[in-house]
S.K.: 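Next up is a structure, given as structure tokens.
The sequence lines fix the lettering, A, B, ..., with proteins before strands; numbering per chain opens at 1.
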Amino acid sequence: MADLLANLNDRQLAAVTLPPQHALILAGAGSGKTRVLTTRIAWLLATGQVGPAGILAVTFTNKSAREMVTRLTAMLPLDARRIWIGTFHGLCNRMLRAHHQDAGLPASFQILDSQDQLGAVKRVLRALNVDDEKYPPRQVQWFINNAKEQGLRASSLEAPTAYDQRMAELYAAYDEQCRREGVVDFAELLLRSFELLQAQPALCNHYQSRFRHLLVDEFQDTNTLQYRWIRLLAGPGAAVFAVGDDDQSIYAFRGANVGNMAAFERDFQTPNLIRLEQNYRSFGHILDCANELIQRNANRLGKQLWTEAGVGEPVRVREALSDQDEAQWIVEEVRSLVRDGWMRADIALLYRSNAQSRVLEHALFAAGMPYRVYGGLRFFERAEIKHALAYLRLIENPADDGAFLRVVNFPTRGIGARSIEQLQDAARARGCSLYEAAKAMGGRLAAFVALMDALQNDSLRLELPELVEQVTERSQLLAHYTAERDGEERIDNLRELVNAAIAFLGDPPAEDSDAPLSLLAAFLAHASLESGENQAGEGTDALQLMTVHSAKGLEFNAVFVTGLEEGLFPHENSANEPSGLEEERRLMYVAMTRARQRLYLSFAQTRLLHGQTRYHLRSRFIDELPDGALKWLTPRNGLRATREGWGGAWESGGNAWRTKGTQQAAQQGAAGVWSGGYGSDGRTAASGAPFRIGQTLKHAKFGEGVVVAYEGTGSDARVQINFGAAGLKWLALAVAKLEPYPDK
DNA sequence: CTGAGAATGATTTTT
DNA sequence: TCATTCTCAG
């Protein structure tokens, strides 16, 4: 016991040993959040206050759920599978499997991932002859998920406009299709579980009295439905231990509601609120920057990170001439770090949006520097894997039309669009599944039915891995990719799927139901809920490239936050959203607090974006940091305009440079501007205009403004000027009357 | 069915 | 710019 609690600081210890009451733990970045959460569970168990069955711990990612289990089993000897630890979706799946009948689901219901869901939506639209110009599938999908995350069914939606009315109808039709096919989407897992508990008081009571302690990780990321699910499950008697950091709430765009933290304090009348503010990750200067930045946000619950580690190195800031120059400099800097003994794997390059990785990758590749990019397709999302899984899904559930359509003609077996249309008509007329309808058809469809029947037979006598192998062979998937030029990797992946099946057999999920689920169905659920690893190559010492979002929860000895430019970070689109800027600032806070020892912030004067050279001001976030903690590697006042009066431009919509019909910026023109380097005059020589970026000008109507960007040559030349309150304007040099204004 | 060329649209992402 | 999706001719 003493062992368990050793090395906790006072606050951590207080949190871990709280009485069985509701508690809100405000855990700052690097304050030992996961440690507190897992030690709390271990302490509850070790003191005999509760048994493993009385605990429910919920996270957002499989990764953090796994980490919790690993740490917990290291602290205590126990069968972690008896504890309900998992993601919201994983736990809801577990509950629905156990009570599928009460929930109105078939025993082996399958789970649609976002891709599958989009496909399902498209089919609904086609079946109902909906104009997908007016109702784009993605938008319909978003509408459905959004409604579900609010806990709303189609029937309970308010539909004030004809459009909303139609959307609600599509939602209803989609749900009906899912029911027919025996599938559920991600949001449905949660909503169905919630509705199950609501509709079955006895069952609800059972779980309420069983789970004495609910522990929620990353509470700031919960959405409305998740919050209500927790509240329902807690009932009157359980203690909810919510851990989160409102300053790290960066997922509002996918439904997360930071307001849930304040709501929790209110609804649960939380008697315990503990702040974990001591940071064990970063040195002082880095934390000073983070604190100073984040305190500009309003409506915080309030927190101030501190460390015993000393101030450490100042935060390095550098202005680059261009995105390429930025990348080049990073390569050099990383090289020198590596020469000094730093590990590449301990260095991260962070960016706001994925498009920015290209330039960085290009420079790294040219320099022969090993790197690894996070994000992109994961294992279970790859096309070849989805194909193989679709065959397996169809074996398990012949009513799964989505799976049927995916593989009926892949690899191609001469079943064209019109035979499929005929088939769909027949199925609709008879009110049966495509597979059922195909049984009545002759020719090539009959051959496909025969194939599936054979595979179904295989499934009865073969072990799961053998079945997977058999499917890839008999379906001709392997043959198809063997014939393809670049099919080698895909074949490797298909073999890897067999390995995944073997691994799954070695560690099957816990069962709470009397009627055990078929291993195949369980494997398919596993594949949907665990999208798999992002990328291989874990072993090599490679530089880490990722978006700031994916860096959340990680830490590195050195971190480069790149592209710190207005419009990019903070992103221009965030200006349109309420409190969008505050979320961007939190994102910056997350980015900076990833660094242990050394933090670099960089921005570029010009950047090639969507095929256009764009000129950005440096991010306001840099200017929000305390001077004393910074070390400028380039002159602080570079070639830049001072950013006075910029707020106005931001509020005015920030989209001004998107004006239609602008001429492409001439590369040479841009080069002309910057060729002089730092401190040069940098006149827009190509156009002959006597202005430079950053110069203050006067306009007869709009008043004083700052030149922000420049585009075109000769008589097409235009400048973009920020007039503060009057906003951002593009003005043609040939027309506009602009007077130079003495620099401040 | 396939492949070429046009059109499109482009934060952030887990389950 | 560029990757993906769509459309149409062969």
S.K.: Please classify the nucleic acid contact of A:Asp185 as base, sugar-phosphate, or nothing, using heavy-atom distances under 4.0 Å.
M.R.: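 No contact.
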
S.K.: Hey, is A:His571 doing a stacking thing with B:dT11, by the 5.5 Å centroid and 30° angle criteria?
M.R.: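 Given the distance and angle limits, yes, they stack.
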
S.K.: Using only heavy-atom distances, decide whether a donor-acceptor pair under 3.5 angstrom links the side-chain of A:Ser114 to the base of B:dT15.
M.R.: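 By the distance-only test, yes, there is a pair.
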
S.K.: Please work out if A:Asn62 contacts a base, only the sugar-phosphate, or nothing of the nucleic acid, heavy-atom cut-off 4.0 Å.
M.R.: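 Sugar-phosphate, no base atom in range.
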
S.K.: Going by 5.5 Å between centroids and 30° between planes, is there a stack of A:Phe253 over B:dT13?
M.R.: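 No, A:Phe253 does not stack on the base of B:dT13.
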
S.K.: Counting the atoms with a prime plus P, OP1 and OP2 as sugar-phosphate, which does A:Asp113 contact under 4.0 Å by heavy atoms, base, sugar-phosphate, or nothing?
M.R.: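 Touches nothing.
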
S.K.: What does A:Phe88 touch in the nucleic acid at a heavy-atom separation under 4.0 angstrom: a base, only the sugar-phosphate, or nothing?
M.R.: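 No contact.
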
S.K.: Hey, is CD on A:Gln324 packed in by over 12 heavy atoms from elsewhere, all under 6.0 Å?
M.R.: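 Not more than 12 within 6.0 Å, no.
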
S.K.: Output yes when at least one side-chain N/O atom of A:Arg254 is less than 4.0 Å from OP1 or OP2 of B:dT15, else no.
M.R.: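 A:Arg254 to B:dT15 OP1/OP2: no side-chain N or O under 4.0 Å.
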
S.K.: Check whether any side-chain N or O of A:Thr412 sits under 4.0 Å from OP1 or OP2 of B:dT2, and answer yes or no.
M.R.: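 The answer is yes; a side-chain N or O of A:Thr412 sits under 4.0 Å from OP1 or OP2.
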
S.K.: Parallel, tilted or perpendicular: which one describes the rings of A:Phe410 and A:Tyr481, with boundaries at 30° and 60°?
M.R.: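 Rings of A:Phe410 and A:Tyr481: tilted, 30 to 60°.
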
S.K.: Is the phosphate of B:dT11, meaning OP1 or OP2, less than 4.0 Å from a side-chain N or O of A:Thr547?
M.R.: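 No, A:Thr547 has no side-chain N/O under 4.0 Å of OP1/OP2 on B:dT11.
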
S.K.: Using only side-chain N and O atoms of A:Asn354, determine if any of them is under 4.0 Å from OP1 or OP2 of B:dT11.
M.R.: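 Looking at the OP1 and OP2 atoms of B:dT11, neither is under 4.0 Å from any side-chain N or O of A:Asn354.
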
S.K.: So, OP1 or OP2 of B:dT15: does either fall under 4.0 Å of a side-chain N or O from A:Ser531?
M.R.: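 A:Ser531 to B:dT15 OP1/OP2: side-chain N or O found under 4.0 Å.
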
S.K.: Quick one: is A:Asn573 getting a side-chain N or O under 4.0 Å of the B:dT12 phosphate, OP1 or OP2?
M.R.: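 Negative; the distance criterion is not met.
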
